Amino acid sequence: MYEELIEVAKLARDNAYAPYSNFKVGAALKTKTGKIFQGCNIENSALSMTNCAERTAFFKAISEGEKEFEEIAIVGGKDDELILCPPCGACRQVMNEFCDKDFKIVLFDGKDEDVYTLEEILPLGFKL
Ligand code: THU
């Protein structure tokens, strides 16, 4: 069901800049109007400056005027092997800022896809 979005996430992962962890992540974020924004992780020798794939995709979309999001697909792993890559806490909080509770997070481990809602992966999220 999410094959296309997963394929775009894989393409985004090809652009990952991850020389320190070697763990490459790609994300494909779909807006409610059907536009897809790609994101990859971008590391830095000052490690805490690293930006995750998911936040790259969100910040690209938001900086281009998008505010309503439907779903995101995320793929990650070392070399050619994908493993399940659930979003980190910081990325979940960014999702919580811009998405409804029923926003979908699609995870693909190279074999199976798992779909969660934002409410499932971030219960009791902080929002002003
Ligand atoms: N990373 C992501 O891009 N997204 C996640 O959801 C988890 C972790 C990146 C950050 C870092 O470049 C590498 O994966 C290893 O932590």
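The model shown is predicted, which means the values in this text are computed figures rather than measured ones. Just follow the structure's listing: the first ligand is 1, and inside any ligand the first atom is 1. These numbers come from the heavy atoms of this one structure, side chains and all, not from hydrogens, waters or symmetry mates.
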Q: Between Cys91 and ligand 1, which part of the residue brings a heavy atom under 4.0 Å of the ligand: side chain, backbone, both or neither?
A: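 The answer is neither; Cys91 stays 4.0 Å or more away.
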Q: Report yes if the distance between the aromatic ring centroids of Phe58 and Phe69 is under 6.0 Å, otherwise no.
A: yes
Q: When you measure from atom 9 (C) of ligand 1 to every protein heavy atom, which one gives the shortest distance, and what is it?
A: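 Residue, atom and distance for the closest contact: Asn41 ND2, 3.6 Å.
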Q: Spell out, as yes or no, whether a donor-acceptor pair under 3.5 Å connects the side chain of Asn44 to the backbone of Leu47.
A: no
Q: Looking at atom 16 (O) of ligand 1, tell me if a protein heavy atom falls under 4.0 Å from it.
A: no
Q: What protein heavy atom sits nearest atom 5 (C) of ligand 1, and how far off is it?
A: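 Looking only at protein heavy atoms, the one closest to atom 5 (C) of ligand 1 is Glu54 OE2, 3.4 Å.
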Q: Between atom CD of Glu7 and atom CD of Glu4, what is the distance when rounded to the nearest 0.5 Å?
A: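 The distance works out to 9.5 Å.
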Q: Is any N or O atom of Thr50, backbone or side chain, closer than 3.5 Å to an N or O atom of ligand 1?
A: no
Q: So if I count the atoms of ligand 1 from 1 in the order they appear, which ones are less than 4.0 Å from some heavy atom of Pro86?
A: 6 (O)
Q: Quick one: which of Cys52, Ser21, Ala18 has a heavy atom closest to atom 8 (C) of ligand 1?
A: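 When every heavy atom of Cys52, Ser21, Ala18 is considered, Cys52 comes closest to atom 8 (C) of ligand 1.
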Q: With no hydrogens and no angle check, is any side-chain donor or acceptor of Lys127 less than 3.5 Å from a backbone partner on Asn96?
A: yes
Q: Between Glu113 (side chain only) and Phe108 (backbone N and O only), is there a donor and an acceptor less than 3.5 Å apart?
A: no
Q: Where is the nearest protein heavy atom to atom 7 (C) of ligand 1: which residue, which atom, and how far?
A: Cys85 SG, 4.2 Å
Q: Quick one: pull up CD in Glu54 and CD1 in Ile105 and give me the separation to the nearest 0.5 Å.
A: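 Nearest 0.5 Å value for the CD-CD1 distance: 10.0 Å.
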Q: For ligand 1, which atoms sit closer than 4.0 Å to a heavy atom of Cys88?
A: 6 (O)
Q: Is the number of heavy atoms from other residues, nucleotides or ligands within 6.0 Å of NZ (Lys60) greater than 12?
A: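 Counting neighbours around NZ of Lys60, more than 12 heavy atoms of other residues, nucleotides or ligands fall under 6.0 Å, so yes.
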Q: Tell me: protein heavy atom nearest atom 11 (C) of ligand 1, and distance?
A: Glu43 OE2, 3.3 Å
Q: Would you call Gly76 a ligand 1 contact, heavy-atom distance under 4.0 Å?
A: no
Q: Need the ligand 1 atom indices (1-based, order shown) with element for anything under 4.0 Å from a heavy-atom of Pro87.
A: 6 (O)
Q: Report yes if some heavy atom in the side chain of Leu82 is under 4.5 Å from a heavy atom in the side chain of Arg13; otherwise report no.
A: yes
Q: Check for a donor-acceptor pair, side chain of Asn51 on one end and backbone N or O of Ile42 on the other, with a separation under 3.5 Å.
A: no
Q: To which protein heavy atom is atom 3 (O) of ligand 1 closest, and what is the distance rounded to 0.1 Å?
A: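 Going by distance alone, atom 3 (O) of ligand 1 is nearest to Ala53 N, 2.9 Å.
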